[in-house]
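Right, one structure below, let's go through it.
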Amino acid sequence: MHRRILAPGVLAAASLLLAIPASAASYAPGAPGIGDPYYPYYGNGGYDVSHYDLRLRYQPATDELEGTATILARTTEDLSRFDLDFLLDVSEVRVNGAKAAFATSGQHELEVTPKTPLAKGTPITVVVRYSGVPSTKSAYGFSTWHRTPDGAVAADEPEAAWWWFPSNDHPLDKATYDVSVAVPDGTQAISNGTLQSTSSKLGWTRYNWRQNKPQATYLATLAVGKFDITTSTSEGGVPVVNAYSKDLGDNDGAARASVERTGELVDWLSGYFGPYPFASAGGYVPNTTTGYALETQTRVYYSPKQFANGSNTSVVVHELAHQWYGDDVSLKGWKDIWINEGFARYAQWLWSEHEGEGTTQELADYVYASHPADDPFWTVAPGDPGPDNQFDTAVYDRGAVAVQALRNEVGDDAFFAILKGWPKEHAYGNASVADFQKYAERVSGKPLAALFDTWLFQPSKPAAAAARTASIAKPAAPAQPKSWKKIEATNDVHGR
């Protein structure tokens with residue numbers, strides 16, 4: 001038996017610890033990441049956001065942004081400190097009215113230490129005052145803030161928020177938004193949802209946008225510039241707001257000929273996916289040099305390059321399909337990207353069939369035949385592609401082939417019931433590939449583990465026998481469907 005001798009100071013400290021209630025000892029900093037293995041430091045632990053109120057002022061000439069973000073949240077654990085994801089310069093943070101200490105760490109962490117620790121389940125109001133020049137900020141060697149000749153755009157995936165508002169930046173923590181932006185008269189500010197009001201004072205015009213349905217942080221967008229804004233209502237009753245930079249040059253006509261069909265295409269997609277889930281639809285085409293499009297919720301971002309070869313309704317279909325698959329139902333983790341991209345690509349295939357330019361089966365056969373067994377295409381598993389391959393062509397094309405294989409396995413009645421029922425089942429929430437498999441099995445009454453494993457998880461080309469069972473492969477090489485080049489042109493829609 002050994003007796004440990006403690007110095008008086010240690011005994012005093014031990015006595016002090018005993019005097020602290022056990023609950024107080026449990027307070028700890030929230031994790032600097034939400035737990036996504038693809039992006040360990042994206043999002044944060046310890047709280048859940050319900051609403052962002054962003055009151056901004058932006059000067060296009062100098063790229064100066066000033067803002068006050070009011071974040072409504074609730075703690076999910078006992079917190080001594082918590083993080084926000086943010087890059088701009090912070091002047092003050094308050095938590096429930098009291099000034100809080102703050103510091104920066106890592107690539108994009110804002111550490112907030114409230115005046116008093118926060119017990120689990122506590123409603124919190126966090127106010128962050130900030131300013132800066134977003135184009136001067138970068139993290140991990142890149143920026144998602146895009147300057148234009150007359151303003152700027154925030155739109156990217158899987159991150160975009162850090163450059164313009166503090167957030168819990170992961171799709172798992174969705175929230176509603178009020179975005180109020182003051183810009184010089186003659187300039188407009190575009191964001192998600194519906195325009196609630198505008199007002200002008202002393203040479204500045206303020207635009208007040210509201211997104212009243214839960215929205216992932218990467219789907220929040222801001223565009224400032226000189227736009228031609230069009231408004232309409234689809235035949236099905238969905239309000240549509242589109243915007244076009246006034247300096248799109250030769251791409252202007254093709255952009256409008258594509259994006260102005262948004263209302264028609266929303267109504268058409270509703271026939272497959274169910275009622276449109278948001279209060280408005282639309283898109284905007286700023287004068288950027290990027291090459292991608294993004295399904296920013298209710299207000300899709302399109303690069304002018306999407307229309308360099310003429311009108312492109314296929315990319316509009318792709319991004320609008322995301323309003324159900326990706327926006328309404330968001331992924332639980334970034335590894336679940338197939339539910340977003342496989343189904344958005346399949347929507348393009350359905351549109352191809354509708355337009356008489358190649359059926360979904362013909363497109364699936366063509367993808368299968370176009371990639372030999374030793375093609376690296378087959379080494380990417382759409383069901384868990386890894387962060388480096390998250391937006392690989394295989395996630396889109398092999399992912400859509402997997403959707404067709406599911407359709408052939410369960411039959412059209414069950415397949416279209418799944419297609420329409422899934423957004424309703426998980427409306428405004430989050431779900432995983434595993435959740436989708438379970439749902440498809442429940443609706444179809446068939447075991448689907450082998451099919452999902454073959455088409456989504458095996459890093460090899462499914463054997464011809466399996467492909468023929470799924471009606472994917474044909475003995476002779478299929479001809480290229482007429483729609484293929486239009487669809488192929490959208491392969492880099494999310495490439496940075």
Counting only heavy atoms not in [X], do more than 12 sit closer than 6.0 Å to its [atom1] atom?
X      : atom1 : result
Lys446 : NZ    : yes
Lys137 : NZ    : yes
Asn309 : CG    : no
Asp412 : CG    : yes

Does a donor on one side chain and an acceptor on the other come within less than 3.5 Å for [X] and [Y]?
X      : Y      : result
His322 : Asp327 : no
Arg299 : Ser280 : yes
Glu295 : Tyr325 : no
Gln297 : Tyr177 : no
Tyr301 : Thr290 : yes
Tyr244 : Asn251 : no
Tyr284 : Thr221 : yes
His170 : Tyr39  : no
Asp435 : Ser432 : yes
Thr217 : Asp169 : yes
Tyr42  : Glu159 : yes

Side-chain ([X]) to main-chain ([Y]) donor-acceptor, under 3.5 angstrom:
X      : Y      : result
Asp78  : Lys120 : yes
Trp338 : Pro382 : no
Ser352 : Gly358 : yes
Thr176 : Ser50  : yes
Arg261 : Thr313 : no
Trp324 : Gly274 : yes
Asn389 : Asp392 : no
Thr233 : Val238 : no
Asn287 : Leu248 : no
Trp378 : Ala394 : no

Nearest heavy atoms of [X] and [Y], plus distance in Å:
X      : Y      : value
Ala364 : Gln404 : CB-CG, 3.8 Å
Leu294 : Val300 : O-CG1, 3.3 Å
Val410 : Leu448 : CG1-CD2, 4.0 Å
Ser234 : Val240 : N-CG2, 4.4 Å
Leu331 : Pro171 : CD1-CG, 3.6 Å
Tyr292 : Asp156 : OH-OD2, 3.2 Å

How many angstroms lie between [atom1] in [X] and [atom2] in [Y], if you round to the nearest 0.5 Å?
X      : Y      : atom1 : atom2 : result
Ile34  : Asn168 : CD1   : CG    : 4.5 Å
Thr262 : Glu319 : OG1   : CD    : 11.0 Å
Asp228 : Arg256 : CG    : CZ    : 4.5 Å
Leu363 : Asp397 : CG    : CG    : 9.0 Å
Ile229 : Ile190 : CD1   : CD1   : 3.5 Å
Glu111 : Asp83  : CD    : CG    : 5.0 Å

Quiz item: Taking the six-membered ring for Trp, is the centroid-to-centroid distance between Trp422 and Phe273 below 6.0 Å?
Solution: no
Quiz item: Strictly under 6.0 Å, is that where the ring centroids of Trp163 and Phe86 end up?
Solution: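 Here the rings of Phe86 and Trp163 have centres that are no less than 6.0 Å from each other.
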Would you say [X] and [Y] make side-chain contact, with heavy atoms under 4.5 Å?
X      : Y      : result
Arg345 : Ile487 : yes
Thr298 : Tyr276 : yes
Thr148 : Ser245 : no
Gln215 : Asn192 : yes
Ser258 : Ser311 : yes
Tyr52  : Pro166 : no
Leu406 : Tyr346 : no
Asn44  : Glu109 : yes

Exercise. Assign the ring pair Phe391 / Trp334 to parallel, tilted or perpendicular, where the plane angle (0 to 90°) is split at 30° and 60°.
Key: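 Ring orientation, 0 to 90° scale: perpendicular.
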Exercise. Indicate the ring-plane relationship of Phe436 and Tyr439, choosing parallel, tilted or perpendicular according to the 30° and 60° boundaries.
Key: tilted
Practice problem: Mind running side chain to side chain donor-acceptor pair (under 3.5 Å) on Tyr38 and Asp384 for me, showing each step along the way? | Solution: CA-CA 10 Å; Tyr38 279 22; Asp384 188 358; 2.4 Å; yes
Exercise. Evaluate the side chain to side chain contact (heavy atoms under 4.5 Å, CB included) criterion for residues Glu157 and Ile337: first the C-alpha distance (whole Å), next the side-chain angles of each, then the deciding distance (0.1 Å), finally the verdict.
Key: CA-CA 11 Å; Glu157 183 181 20; Ile337 192 67; 4.0 Å; yes
Quiz item: Under the salt bridge (charged side-chain N to carboxylate O under 4.0 Å, His left out) rule, what pairs show up with a residue in residues 350-363, not counting sequence neighbours?
Solution: Glu357-Lys486
Practice problem: Could you walk me through whether Trp164 and Thr144 pass side chain to side chain contact (heavy atoms under 4.5 Å, CB included), step by step? | Solution: CA-CA 10 Å; Trp164 66 290; Thr144 66; over 6 Å; no
Self-check item: Candidate pair Asp328 and Gln323, rule side chain to side chain donor-acceptor pair (under 3.5 Å), full reasoning
Solution: CA-CA 6 Å; Asp328 180 8; Gln323 304 304 306; over 6 Å; no
Quiz item: Are the charged groups of Arg210 and Asp178 less than 4.0 angstrom apart, N to O?
Solution: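 Result for this pair is yes, salt bridge flagged.
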Exercise. Decide whether a cation-pi geometry holds between Lys461 and Tyr368; the criteria are a distance under 6.0 Å from NZ or CZ to the six-membered ring centre and an angle within 45° of the ring axis.
Key: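 Ring-cation test returns yes.
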Quiz item: Does Phe278 have Lys213 sitting over its ring (NZ/CZ under 6.0 Å from centre, angle to axis within 45°)?
Solution: no
Exercise. Tell me, please, which residues at least two apart from Asp36 pass salt bridge (charged side-chain N to carboxylate O under 4.0 Å, His left out).
Key: none
